[in-house]
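A, B, ... follow the sequence lines: proteins, then strands. Residue 1 opens every chain.
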Amino acid sequence: MTTMTQPVNEAPPTAGGPGALSAEQVLGFQRGLARSGIIFSFTGYISEGILKALGDALRQKIRLEVDDRNTVNRVFSVFVEQVQNIIRYSAERIEHADEPPVELSSGMITVGSEEGRFFVICGNVIAREDADGLGHRLRELAGMDSSELRRFYKEKLREPPEEGSKGGSIGLIEIARRASEPIQFDFEHLSDAHSYFVLKAYI
Amino acid sequence: MADMDPIKHEATERTPAVEFDFSAGRYRIAGESYPEDAASFYGPLTRGLREAVEARASETVDFSVELIYFNSSTAKALMNLFQILEDAAGAGVEVRINWCYHEDDETMEEFGEDFAEDFAHAQYRMCPTT
């Protein structure tokens, strides 16, 4: 159990002083995101409930913009697989055996559009020891064309699950199949134990 | 042996409607499938189907998939169900699988074609709908 110390009797920030609320700043932040084509961006602890709620909003928004059900389905599928990867693989997580149990994973998910194409970006902390293997698998996928990805997906479905896998390798192939160009990815070394992993797919 | 109780689930926002009527040999999965834990949702269905075909709970098996969207862990679960059906057909059960999808849905059509490759004994039909 953690306790938080609250500042007692602290005066509110004076108008215009440091820490004061500025509509200009908030608007600037929101406009900056809009200029980058961002439809929404979520940072923090993600649960399956948040996946459902964001997914619904995403589908509705994309249906308004495009008439093609295949595009809507592809963006939605990439979004679901990326968020479920964060939920299952983020190394920044809270688990608590409360009733009902609490299971939250931290990460970032962003959906936007750029020159008529949608994109989905996810970022989360992973165990550093997993970075090489993940990078290797993603490079392998990046080198495949659509019919090779289709074959590979099927091949993986037939295989028994890998040790310790929660099905994520098929999820990455699914993302690669729905993307219109090879998926981009990068890692940032955080410590001996952790790396930050980011992936971007254009649909 | 006693008749196996059917399994029936209403669709939820993230899990499909399920009707597994073992003694009638009629099976249906319909809707969307991206459950939090695909293994715990599909585990009882896989076990029920396996038990039913091994016990020859019905002479024929009619299995319809009418999914609009499913995630990659559901794909794995479908593959397990299909392997049981193909094995049963190989052992002499009359098995028919209906893969139903909207005619404009390229993803579901492609999945239907890919799953079809694994059936040599069971009858497998692609059922586009409008």
Side-chain angles (χ1 to χ4, degrees), chain A residues 46-56 58-59 67-85 87-88 100-101 103-105 146-147 149-162 165-178 203, chain B residues 11-16 31-43 46 65-87 97 99-120 124 128-130:
Chain A
I46 299 186
S47 64
E48 291 276 343
I50 291 172
L51 158 66
K52 170 75 181 74
L54 290 178
D56 282 350
L58 176 63
R59 263 182 174 161
D67 202 17
D68 169 27
R69 74 162 58 220
N70 289 302
T71 303
V72 179
N73 291 349
R74 279 195 281 266
V75 176
F76 183 73
S77 179
V78 168
F79 170 80
V80 170
E81 298 295 341
Q82 289 199 10
V83 175
Q84 289 191 324
N85 275 344
I87 291 171
R88 288 167 198 170
E103 206 179 331
L104 289 168
S105 301
S146 62
S147 60
L149 287 167
R150 188 173 171 179
R151 282 282 104 220
F152 192 48
Y153 185 104
K154 192 69 199 305
E155 209 177 288
K156 285 282 168 191
L157 272 192
R158 286 200 192 95
E159 284 176 7
E162 290 161 39
S165 164
K166 299 172 201 165
S169 63
I170 299 176
L172 291 176
I173 309 170
E174 170 69 18
I175 295 169
R177 282 184 74 179
R178 305 300 155 223
I203 291 96
Chain B
T12 71
E13 288 169 321
R14 298 172 48 204
T15 58
E32 301 214 67
S33 181
Y34 53 116
E36 180 162 359
D37 182 353
S40 71
F41 184 82
Y42 283 97
T46 310
V65 181
E66 301 164 28
L67 290 169
I68 300 162
Y69 164 72
F70 58 86
N71 69 346
S72 59
S73 26
T74 297
K76 189 88 191 167
L78 289 175
M79 189 75 179
N80 294 335
L81 290 168
F82 288 162
Q83 274 168 352
I84 295 168
L85 292 170
E86 172 59 11
D87 290 348
I97 293 121
W99 182 267
C100 308
Y101 61 98
H102 190 282
E103 60 179 1
D104 295 337
D105 192 333
E106 292 163 8
T107 304
M108 286 300 132
E109 183 175 13
E110 228 177 68
F111 272 125
E113 290 166 0
D114 288 350
F115 281 123
E117 290 170 1
D118 288 338
F119 291 104
Y124 186 94
T129 57
T130 49

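At a cut-off of 3.5 Å, with distance as the only test, a side-chain donor of A:Gln84 or B:Asn71 sits close to an acceptor on the other residue.
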Derivation of the salt bridge (charged side-chain N to carboxylate O under 4.0 Å, His left out) call for B:Glu113 and A:Arg150: CA-CA 11 Å; B:Glu113 290 166 0; A:Arg150 188 173 171 179; 2.9 Å; yes

Test log, rule side-chain contact (heavy atoms from CB on, under 4.5 Å), inputs B:Phe115 and A:Leu157: CA-CA 10 Å; B:Phe115 281 123; A:Leu157 272 192; 3.9 Å; yes

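Contact of the A:Ser77 side chain with the B:Tyr34 side chain is not registered, since no non-hydrogen atoms from C-beta on lie closer than 4.5 Å. Proximity of A:Asn73 to B:Met108: side-chain heavy atoms (C-beta onward) are nowhere separated by under 4.5 Å.
Residue contact with chain B, scored on non-hydrogen atoms closer than 4.5 Å, involves the side chain of A:Glu174 exclusively.
A salt bridge does not link B:Glu36 to A:Arg88: none of the charged nitrogens lies less than 4.0 Å from a carboxylate oxygen. A salt bridge links A:Arg74 with B:Glu106; the closest basic N to acidic carboxylate O contact falls under 4.0 Å. Using a cut-off of 4.0 Å between Lys/Arg side-chain N and Asp/Glu carboxylate O, B:Glu32 and A:Arg59 are scored as salt-bridged. Ion pair A:Arg151/B:Glu117 flagged as a salt bridge, since at least one NZ, NE, NH1 or NH2 atom sits closer than 4.0 Å to an Asp/Glu carboxylate oxygen.
Remark: A:Lys156 NZ to B:Met79 CE distance equals 13.5 Å, nearest 0.5 Å. Here the CZ atom belonging to B:Phe111 is positioned 5.0 Å from the CZ atom belonging to A:Arg177, to the nearest 0.5 angstrom.
Environment of CD in B:Glu13: sparse, with no more than 12 heavy atoms of neighbouring residues, nucleotides or ligands closer than 6.0 Å.
Considering all non-hydrogen atoms of both residues, B:Ala75 and A:Tyr153 come closest at CB-OH, 3.2 Å.
Counting only distance, with no hydrogens or angles, the side chain of A:Lys154 and the backbone of B:Asp114 share a donor-acceptor pair below 3.5 Å.
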